[in-house]
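Letters A, B, ... are given to chains in the order of the sequence lines, protein chains preceding strands, and every chain is numbered from 1. Side chains are part of it too, since the values below use all heavy atoms of this structure and drop only hydrogens, waters and symmetry mates. Predicted, not measured: the structure shown is a model, and the values here were computed from it.
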Amino acid sequence: MQQLIILAWRNLWRNRRRTLITLASVFMAVVLAIAIRSLQKGAYSNMIGNAVRFSTGYLQVQAKGYWEDKSINNSFTADTSLDQTLQAEPNISLAVPRLESFALASSGLHTKGVAIIGIDPVQENQLNSLEEKVAKGKYFHRGGGQGLLIGDGLANYLRLQLGDTLVLMGQGYHGSTAAAQYPIQGIFHFPLDQLNNSLVYLALPDAQAFFAAPGRLTSVSLMLDDPAAMEATARSLQRALDSTRVVLQWPVMNKSLVQEIQGDNAGGIIMLGILYLVVAFGVFGTILMMTMERKKEFAVMIAIGMHRIKLTAIVMLETVLIGLMGIVAGCVLILPVLLYLYQHPLALTGSTAQIYQEFGLEPIMPVSVDPAIFFYQGITVLAIALVSTLYPLWYINRFRIPEALKQ
Amino acid sequence: MQFSGVTGEWNNSFKTNVMSVIEIQQLTKTYRETLVPVHAVNGIDLKFEKGEFTAIVGPSGCGKTTLLNLMGGIDRPTSGQILVEKVDITQLTASQLVDFRLYNIGFIFQSFNLIPVLTVEENVGFVMELQHRQREEITARIQYLLTAMGIAEKTKLRPKYLSGGQQQRVAVARALAAKPKFILADEPTANLDSKSTNTLLNLMASLNEKEQVTFIFSTHDQRVMDKARRIITLEDGKVISDTSVKHSHAEAQN
């Protein structure tokens with residue numbers, strides 16, 4: 001084996017320039033493939049993170065039928081048995097109760113339909129750092145009898161300021177009338193305009209009082225220690241809950257995001273496919289040339305007693321060495337860049353940032369440093385390099401020695 | 001009797017009782033790539049004994065190289081038999097033939113054909129490495145052969161830093177390294193000047209005597225014919241003469 005490795009290694013450097021060009025193509029492919037995948041995965045992770053933090057959580061416990069008909073009548077009672085069930089599930093890191101419904105928000109001549117979210121101030125803050133988003137005024141404390149928080153977009157629309165009164169009108173539990181006025185105790189700003197324009201937060205007891213639904217919730221959003229175990233956790237939780245409650249996973253609750261990710265992912269894979277094809281031809285050309293120009297040398301080796309399988313091994317080793325060098329060099333270069341971008345994501349500005357916000361995304365370009373990206377891209381490039389040796393290997397096993405010796 | 005690819009040995013221990021290393025019977029090789037079939041080797045019968053120093057001569061295209069290729073098992077005959085110590089190598093599989101060559105034949109080519117990425121000593125030791133011999137044995141054999149060839153100081157050099165004559169001496173050392181039963185040399189002096197040719201021929205003649213290895217050359221070179229103790233002349237794929245030559249010791253040295 002040592003003999004084969006020595007031969008393969010030295011053969012690579014017989015034509016230094018050609019090997020370096022091939023190495024460069026593998027290197028560039030690895031760098032680009034990892035960068036593309038890292039940006040994609042980072043973006044997906046950010047999109048999912050935003051979605052779970054600002055709306056659904058990874059999992060949600062709801063009353064059966066609420067998802068299909070989001071009426072406050074489909075709310076459920078938050079009892080101690082639910083608390084115990086959630087606490088017994090080890091993967092749940094945070095349970096955030098909410099009572100959500102819709103109402104008209106009115107101030108003077110201006111009216112707007114808004115989503116009212118009754119929250120537990122402490123748990124909600126743990127979920128999405130809501131307190132940090134309060135740009136003016138103050139955040140909730142535990143208990144009722146408080147004011148409300150509105151987004152700066154909505155405040156501008158309704159021409160409201162801190163301390164002003166907002167009138168809310170809607171339908172409460174089982175058809176009761178919900179109407180009340182609240183002082184604005186805080187104005188928040190999310191990176192997502194959609195949220196700034198349409199959300200109103202109340203403390204959970206105030207929301208329950210407003211909708212005449214004391215002790216009731218529309219959902220409990222759950223954050224997980226290990227999101228990868230989401231399905232197992234959902235199954236386990238569903239088994240523990242009674243049949244009037246269901247556990248929903250975020251992909252079910254956010255199908256549009258799933259579709260968006262799938263569509264983008266498919267585009268990314270096509271891009272990578274083109275990249276891989278270019279690399280495959282680069283490596284194929286080099287290995288084929290290296291094989292053809294050594295035809296006579298190979299014939300001599302076979303003549304003096306080397307089995308063709310060993311020649312095959314040499315050519316494969318040459319390919320693996322080129323591939324590994326390119327992959328390692330690519331990973332070594334891209335890793336620190338990605339680690340930096342992971343810590344300091346690029347902030348988008350101008351119209352691009354606006355587009356992101358309109359789509360409900362934070363205007364940043366996050367990256368992922370998931371080791372699986374490096375592993376799979378490395379393996380893929382190596383596999384492509386090996387596949388591109390198939391013809392040269394076939395040739396090595398077929399050529400006739402007397403003809404090759406005549407060269 | 002069978003040839004073992006693993007050990008490189010013939011399973012019967014008849015070797016010491018026979019004198020013929022190679023026996024060729026009614027050997028033909030016909031190329032049918034053209035409209036008119038070409039009979040490169042046409043019904044040849046020959047025997048080669050242990051320790052021979054034989055030149056196969058004849059005009060270009062007479063079948064010398066084809067005959068050597070067939071004897072070396074790097075080409076398949078159209079018909080006939082090649083018995084090496086009574087084993088018909090034409091019946092061996094491709095893989096068995098590789099092992100057969102590894103353990104029985106040394107090749108010397110016209111254009112040296114050293115492995116350019118290996119040093120002189122690595123080239124010489126290459127076949128022994130393929131045979132998985134002990135490192136000490138390989139080192140000692142390389143040392144002995146390179147000293148005998150007069151190029152002991154070149155061991156660490158790659159072939160491109162050697163002259164043609166020196167490269168061919170390395171090729172001879174490589175062919176002899178694994179102590180083969182016979183050496184097939186296809187026009188080994190064709191690319192050498194007369195001084196290098198004489199040096200090389202003297203070295204090969206000396207090793208032929210010392211190691212009792214059978215040397216079979218194909219050649220156009222009169223100097224090789226002058227050293228040969230047997231000259232086989234081919235024409236149109238047939239043997240037209242087969243002559244034993246006796247040299248005085250002085251002649252052989254010249």
Side-chain angles (χ1 to χ4, degrees), chain A residues 1-20 286-287 289-319 321-322 393-407, chain B residues 5 8 29 31 33 40 65-70 72-76 93-119 122-132 135 138 158-160 171 174-175 177-178 180 183-184 186-187:
Chain A
M1 192 62 190
Q2 193 190 357
Q3 191 185 33
L4 302 186
I5 293 170
I6 289 171
L7 276 168
W9 177 253
R10 291 187 191 167
N11 280 332
L12 280 185
W13 304 107
R14 285 164 82 158
N15 191 330
R16 214 172 279 261
R17 190 184 301 170
R18 184 174 59 202
T19 300
L20 286 174
T286 300
I287 299 295
M289 220 181 293
M290 282 174 75
T291 304
M292 292 303 178
E293 72 188 12
R294 286 183 293 167
K295 195 168 146 184
K296 187 174 185 182
E297 193 177 312
F298 286 163
V300 170
M301 287 180 171
I302 297 168
I304 63 178
M306 183 177 247
H307 282 274
R308 286 181 197 249
I309 189 77
K310 285 192 175 176
L311 287 179
T312 305
I314 290 174
V315 173
M316 287 189 80
L317 272 171
E318 288 166 5
T319 312
L321 286 171
I322 287 183
L393 295 184
W394 176 84
Y395 179 80
I396 285 171
N397 283 290
R398 303 292 293 185
F399 78 87
R400 292 195 71 243
I401 305 172
E403 276 83 15
L405 285 173
K406 276 186 205 160
Q407 271 193 335
Chain B
K29 176 69 182 177
Y31 293 105
E33 281 88 12
T65 299
T66 305
L67 179 60
L68 285 194
N69 286 344
L70 294 170
I74 57 179
D75 204 355
R76 299 274 190 184
T93 65
S95 176
Q96 284 175 322
L97 273 174
V98 174
D99 286 327
F100 162 75
R101 290 194 296 267
L102 177 62
Y103 289 96
N104 293 281
I105 310 178
F107 281 98
I108 303 170
F109 304 95
Q110 179 178 333
S111 48
F112 325 133
N113 288 337
L114 298 174
I115 300 166
V117 294
L118 299 181
T119 63
E122 286 167 343
N123 264 289
V124 175
F126 187 78
V127 175
M128 288 186 284
E129 293 272 6
L130 290 176
Q131 292 178 339
H132 305 294
R135 171 55 39 201
I138 295 173
R158 295 224 182 151
K160 66 179 174 183
R174 177 178 69 183
I183 286 180
L184 300 174
D186 189 8
E187 311 251 13

Original post:
What part of B:Phe126 lies closer than 4.5 angstrom to a heavy atom of chain A: side chain, backbone, both or neither?
Top reply: both
Original post:
Which bit of A:Arg308 is near chain B, if near means a heavy-atom gap under 4.5 Å: side chain, backbone, both or neither?
Top reply: neither
Subject >> Heavy-atom contact with chain B under 4.5 Å, split by part of A:Lys296 >> reply: side chain
Original post:
Does any heavy atom of chain A fall under 4.5 Å from the side chain of B:Leu118, the backbone, both, or neither of them?
Top reply: both
Original post:
Taking B:Arg158, B:Gln131, B:Gln110 one by one, which has the highest count of heavy-atom pairs under 4.5 Å against chain A?
Top reply: B:Arg158
Original post:
For the residue pair A:Trp13 and A:Trp9, does the interplanar ring angle fall in the parallel (under 30°), tilted (30 to 60°) or perpendicular (over 60°) class?
Top reply: perpendicular
Subject >> Contacting region of B:Glu122 [heavy-atom separation from chain A under 4.5 Å] >> reply: side chain
Original post:
Do A:Ile6 and A:Gln3 have side chains that get closer than 4.5 Å, going by heavy atoms?
Top reply: no
Original post:
Among side-chain atoms of B:Asp75 and B:Thr66, is any donor-acceptor pair under 3.5 angstrom?
Top reply: no
Original post:
Is any side-chain heavy atom of A:Lys310 less than 4.5 Å from a side-chain heavy atom of A:Leu7?
Top reply: no
Original post:
B:Pro116 and A:Arg14: which non-hydrogen atoms are nearest, and at how many Å?
Top reply: CG-NH2, 3.2 Å
Original post:
Between A:Ile309 and chain B, which part of the residue has a heavy atom less than 4.5 Å away: side chain, backbone, both or neither?
Top reply: neither
Original post:
With a 4.5 angstrom heavy-atom cut-off, which part of B:Asn69 approaches chain A: side chain, backbone, both or neither?
Top reply: side chain
Original post:
Just by distance, do the side chain of A:Arg294 and the backbone of A:Met290 share a donor-acceptor pair under 3.5 Å?
Top reply: yes
